[in-house]
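Contents: one structure, followed by commentary.
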2 protein chains.
Amino acid sequence: MFSKFLNMDKEKQDRIINAAIKEFAQKGYDNASTNEIVKEAGISKGLLFHYFQNKKQLYLFLYEHMIDILMEKIMENINWEEKDIFVRYRQIALLKIEIYKIYPEMLNFVKSIYKDSSPTVKIDINSRGKELFESSFNKLFSDIDLSKFKKGIDSKKAINIINWTVEGFAYQMQEKALSLSLEQIASDETMAEMEEYLEILRDSLYE
Amino acid sequence: MFSKFLNMDKEKQDRIINAAIKEFAQKGYDNASTNEIVKEAGISKGLLFHYFQNKKQLYLFLYEHMIDILMEKIMENINWEEKDIFVRYRQIALLKIEIYKIYPEMLNFVKSIYKDSSPTVKIDINSRGKELFESSFNKLFSDIDLSKFKKGIDSKKAINIINWTVEGFAYQMQEKALSLSLEQIASDETMAEMEEYLEILRDSLYE
DNA sequence: ACTGCCATTGACCTCTATGGTCAATATTGT
DNA sequence: ACAATATTGACCATAGAGGTCAATGGCAGT
C-alpha cells in the first residue's frame, strides 16, 4: 500500500514524516494543512498526493507507522527484567532521546491522536491495534517493584511524582530545543542532569 | 474603550470571554476562528464585532483583561510573608482552583500568549505591562526559604520537582474535568489529595 | 400607544486557503 | 535513445475566513 513511499530516499521520507506529524500534532487532523506540510517538507503538493491517496490516508499511515516504530523502540530499549522504577525511568529517558533524534514530534503526535476529536478519523483509529499498543505502553509504568518505597508512602503517588518529574524535565528540554542544537539536547550532560533528579527522588522516596 | 462590553450582562460576558480564550489558547491567534467563538458563546457574529472593532482588538482586550484578573487574584490569595515553599504551593493550588471556577481556560490562555508567534499580535503584546506581570509571576516561585531542605539536595532541583508535581496534578485534574463537573474538581477532596502529594514531598525533601 | 434608542441578528460581502487533480517536465535505469 | 517513473506547480471547486450592515427586538420614558 505505502511501499512506494517507504522505498523512497530515506532522508526525504523523514522530512515528509516530520513535517506531517508536526502539523497534525500541533493543529489536529481537521485544521492541519497539507499545504503547510509540503511547504515544510520542501516538496510539491503533487508529490504528497502521489504517495498518499488523500489527507486521511496520510494520517492513518502516520498513525500506524509511528506506533510501529515506537513499539519497536520500546522493545529494543526496555529491559523488562529490571523492576526498579528508577532504572526503568532511566531507560525511558534514554528511549525518549533516541526517538527525539529521529522524529522530534513523534511523541507529541502520538499523544495528539487520542485527543483528536475529528470524526473523520476517529472511527478508523479505534478499530486498529490501539489496545495492543496501549497495553505495552501501560506496562512501561505498571510492571514495577513497589516494595522499596519508604513505609507510609503511597506508592501510586510516589510513582506519579517520579513520572511528573521526568515529564517536566523532558518538556523543559524540548522548550530549550528551539534554541539549542540537537546534539546539545541529546547529550550526556542532559542525561546526567536527569539522573541527578532521579537520585534526589530515590534518596528521598526509598527506604 | 471596552466599557460597553464590561457593562453588559455578566453571564453573557463570561460566556464570550470563555469561548474566546479557549479558542485562542487552543489554536493560537492566526488559526483561531471568530466564527467558532460566536458559535461557542451562543451569540451572533454581529454582536461580537459590535463590542470589538476586530479580531486583534478582541485578542488584546483579552490579554490585558486576563492578566489584570490574574494579578488581582494573585494579590488576593498569596501571603507574601510566608516563605515556606509548601505553604506557598498550597496557596498557589487554591489560587488555580479559584481561577478555574471563573475562567477554566485562563491559565492556558496566558501560557499561550507567550508561545503565540503571530507577528500581527506579537508587537502589541511586548509593549505593554508584560514585565510587571512576569516579575510578579516569578516572585511566586523565587521568594522562598531555601534553608529547610535536606543538606546535599540542590534546592533548585527540589523546587522544580515540587513545581512539576503540582503542575502534573493540576493537568491530570483538568483532563478529568472533561468528564466531571466543576464542583467535583474544585472540591475539598481534590485539595486534600493535592496536600497528600505535598506532604510526601515535604517529608522527603525537608530536613 | 408611541417614540427613540441601543442590543442583537444573520444574510451577505470579498478574499484567502483548503484538499485534490493533472498535463507537463526532470530524472532515472537499461 | 527510450521507456518508465518521480516530481512539479498552475489550476479547480469549494469552504471558511474576518468583517459589514440593514433590519429587527425589546425596553424606557412620555
Side-chain angles (χ1 to χ4, degrees), chain A residues 1-17 19-63 116-122 124, chain B residues 1-17 19-63 116-122 124:
Chain A
M1 186 84 174
F2 301 109
S3 53
K4 221 192 303 173
F5 175 74
L6 290 168
N7 285 330
M8 84 192 291
D9 175 58
K10 187 73 181 358
E11 188 252 324
K12 191 185 278 189
Q13 194 189 120
D14 283 350
R15 250 168 40 222
I16 296 172
I17 290 177
I21 60 180
K22 182 176 167 188
E23 181 75 5
F24 281 124
Q26 279 176 356
K27 306 195 186 161
Y29 178 80
D30 280 335
N31 293 314
S33 156
T34 53
N35 290 331
E36 284 297 315
I37 292 172
V38 300
K39 203 201 290 171
E40 171 117 4
I43 59 166
S44 69
K45 191 87 164 284
L47 192 60
L48 186 71
F49 286 96
H50 171 69
Y51 286 119
F52 301 97
Q53 207 183 327
N54 53 39
K55 189 181 172 181
K56 183 174 173 180
Q57 292 308 311
L58 166 62
Y59 187 85
L60 293 177
F61 163 77
L62 290 171
Y63 166 63
D116 209 307
S117 53
S118 169
T120 319
V121 117
K122 221 171 184 173
D124 298 74
Chain B
M1 185 86 174
F2 301 109
S3 52
K4 222 190 302 172
F5 176 73
L6 289 168
N7 285 330
M8 84 192 290
D9 175 57
K10 187 74 180 3
E11 189 252 325
K12 191 186 278 189
Q13 193 190 119
D14 282 349
R15 250 169 38 224
I16 296 172
I17 290 177
I21 61 179
K22 183 175 166 188
E23 180 76 4
F24 281 125
Q26 278 177 357
K27 305 194 186 162
Y29 178 80
D30 280 335
N31 294 314
S33 156
T34 52
N35 289 330
E36 283 298 315
I37 293 172
V38 299
K39 203 200 291 173
E40 171 117 4
I43 59 166
S44 69
K45 191 89 164 279
L47 193 59
L48 186 70
F49 286 96
H50 172 71
Y51 287 119
F52 302 97
Q53 205 183 329
N54 53 39
K55 189 180 171 182
K56 184 173 173 179
Q57 292 308 312
L58 166 62
Y59 187 85
L60 293 177
F61 164 77
L62 290 171
Y63 166 62
D116 209 306
S117 52
S118 169
T120 318
V121 117
K122 220 171 186 174
D124 299 74

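Sequence lines set the chain letters: A, B, ... in the order given, protein chains first and strands last, and positions in each chain run from 1. Computed from a predicted model, the values in this text were never measured in an experiment.
At whole-Å resolution of the value, CD in A:E23 and P in C:dA17 are 14 Å apart. The separation between A:N7 atom CG and D:dT5 atom P is 14 Å, rounded to whole Å. Rounded to an integer number of Å, the gap from CD1 of B:I37 to P of D:dG19 is 11 Å. Separating the CD atom of B:Q13 from the P atom of C:dT8 is a distance of 12 Å, rounded to the nearest angstrom. Here the P atom of nucleotide D:dA15 and the NZ atom of B:K39 are 15 Å apart, to the nearest Å. Atom CG of B:L58 is separated from atom P of D:dA17 by 15 Å (rounded to the nearest Å). The distance from atom CZ of A:F24 to atom C1' of C:dG19 is 11 Å, rounded to the nearest whole Å. Per the geometry, CD belonging to B:E36 stands 13 Å off C1' belonging to D:dA15, to the nearest Å.
In this structure, B:L47 and B:V38 have side chains that are not in contact, with every pair of non-hydrogen atoms separated by 4.5 Å or more. Side-chain contact between A:T120 and A:K55: absent, with no pair of heavy atoms (C-beta onward) separated by less than 4.5 Å. B:Y59 places a side-chain heavy atom less than 4.5 Å from the side chain of B:D116. Here the side chains of B:L60 and B:K56 are in contact, with some heavy-atom distance below 4.5 Å.
B:K12 pairs by the side-chain hydrogen bond (donor to acceptor under 3.5 Å, both in side chains) definition with nothing, not counting sequence neighbours. Annotation: side-chain contact (heavy atoms from CB on, under 4.5 Å) contacts of B:E40 (sequence neighbours excluded): B:A19, B:K22. Remark: A:K4 engages no residue in a side-chain hydrogen bond (donor to acceptor under 3.5 Å, both in side chains) (not counting sequence neighbours). Judged as a ring pair (Phe, Tyr, Trp, His ring centres under 6.0 Å), and not counting sequence neighbours, the contacts of A:F61 are A:F2, A:F5, A:F52, A:H65.
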Below 3.5 Å is the cut-off: list the nitrogen or oxygen pairs between protein and nucleotides 7-11 of chain D, distance only.
from	atom 1	to	atom 2	distance (Å)
D:dT7	OP1	A:K12	NZ	2.7
D:dT7	OP2	A:Y51	OH	2.8
D:dT8	OP2	A:S44	N	3.0
D:dT8	OP2	A:S44	OG	3.1
D:dG9	O6	A:G46	N	3.4

Between protein and nucleic acid, restricted to nucleotides 27-30 of chain C and to nitrogen or oxygen atoms under 3.5 Å apart, what atom pairs and distances do you find?
none

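In this structure, of C:dT18, C:dA7, D:dA17, it is C:dA7 that holds the atom nearest to the side chain of B:K4.
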_Before you tell me yes or no, could you show the steps for B:F24 and B:I37 under side chain to side chain contact (heavy atoms under 4.5 Å, CB included), namely the whole-Å CA-CA distance, both residues' side-chain angles and the distance that decides it to 0.1 Å?_
CA-CA 9 Å; B:F24 281 125; B:I37 293 172; 4.2 Å; yes
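Within the 4.0 Å cut-off from OP1 or OP2 of C:dG20, not a single side-chain nitrogen or oxygen of A:T34 is found. Side-chain N/O atoms of A:N35 include one lying less than 4.0 angstrom from OP1 or OP2 on C:dT18.
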